[in-house]
Amino acid sequence: MIFRERTKEPLPLARIATLAQHRGVHRAFAWLHLQEPRISSWQQELVAIPAPPFGEGERAAWFADRMRELGLSDVHIDEAGNALGLLRPDDGQSHVALLSAHLDTVFSADTELDIRQDESLLIGPGISDNGAGLAGLLALAAAIRHAELQPVNNILFAANVGEEAEGNLRGMRHLFTGSPFARRICGTLALEGAGTEIVVTRALGSRRFRVEITGPGGHAWTDSAVANPIVALSTAIAEISSRTLPARPRTTLNVGEIRGGTSVTAVAQSAEATFDLRSTDAGQLLLLEVQLYRAVEDAVMAANRAGSGEKLQAQITLIGDRPAAELDPKSRLLETVRAVDRHLRLRTEERLGSTDANIPLSLGLEAVAIGAGGLAGGVHTTNEWHDTRGRDLALRRVLLILLDLCGHLEAGNEVAADSPGAGEP
Ligand SMILES: [Zn+2]
């Protein structure tokens, strides 16, 4: 085996090859391969439990029950609503590696969660995002328990709340700032949807706003001169949407929702819309935010100049803030991902995304969001699908990365007798 001069740590590829030869790791791989029907049934069961933003409680409780069944330690729901469990009892001070998957969906509580299966194809809202990630999380916990793997660092399994939209990453924020594990998490893998080669290493920054314009309103005929919030809001939307945004650094703006007014025969008293601003560059994001504020102020001023009587008022509320950040290209975690992918003959697809990994990355900690296998489409629609074929390859990949993040397994258990234990000179 080739070792690095300075650290006496084996080079990444050799380190991963040794890890993959471990008897216990083989047992875990076999579990992942043979138990696909069980993983798929967990996935269908959990996706049938509604988990709208700020309504993840029932799904979290289901998840905690499964964690207890698998024999995880200290299983509980924390103050933020995250379902947590550990590989072994927490000593309150050692490092832990975090494996997470978000519980929440973009679908409202009344969305019909009709899940269908056609062999390896699963169909239904949230089946991949993040049914695939959550099922993968349970599968990995089960495989590690089944194989009785005992890495140096403990593993914190977290089915977390608040990843989508206005959840604003609150589950992750809590884990990294307010929880007993904050400052002890040595690395994070956030399981996110399908995919085998995907790894999100750059966190896309986003700022989300609700714009509400209010006024006196009135009768469509007798108060026709009164300024109309719907007109002012529409003017602001038309102005901000007509701007050409840079392709590099990629910057986008979406008007996601609009509502207002009460009747066709009334001048509206209020109108509101939500805006999602994203950029890979913090400066462009700020510039676009300034332009949004200006577009709203200009439209309200113009409406007030033209109208008579009481003036319109605008209120802009920040409803989402996700920091932009990037995993250091020289980080140990990225080196591990690349080595695992080479070992498994996968092509590492580094991506940019807005995920739970944004929080640790913005704190300068090593984290990636990673696919839980198979192929998916129609994400965030009610026709979402997930073809689970090849899932076990992706889960083997995540397992190797996770175990490497946790430090070596106890020595003397390798399949090949001639491979020296990690760390030996
Ligand atoms: Zn997701």
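These numbers come from the heavy atoms of this one structure, side chains and all, not from hydrogens, waters or symmetry mates. Every number for a ligand or one of its atoms is a count from 1 in the order of the listing.
No hydrogens or angles considered: a donor-acceptor pair under 3.5 Å links the side chains of S40 and Q44.
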Indicate every side-chain donor-acceptor pair of residues 190-203 with a distance under 3.5 Å to a residue at least two apart or in another chain.
from : atom 1 : to   : atom 2 : distance (Å)
E192 : OE1    : H102 : NE2    : 3.3
E192 : OE2    : H102 : NE2    : 3.4
E197 : OE2    : R347 : N      : 3.1

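For the Zn ion (ligand 1), protein N/O/S neighbours under 2.8 Å (waters excluded) are H102 NE2, D129 OD1, E192 OE2.
Qualifying salt bridge (Lys or Arg N to Asp or Glu O under 4.0 Å) partners for D392, counting only residues two or more places apart in sequence or in other chains: R396. Among residues two or more places apart in sequence or in another chain, the salt bridge (Lys or Arg N to Asp or Glu O under 4.0 Å) test is passed with E69 by R66.
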- request: Take N383 and T381 through the test side-chain hydrogen bond (donor to acceptor under 3.5 Å, both in side chains) and record every step on the way to the result.
  value: CA-CA 5 Å; N383 295 319; T381 76; 4.9 Å; no

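Taking the six-membered ring where tryptophan is involved, the planes of H146 and W31 are tilted, since the angle between them lies from 30° to 60°.
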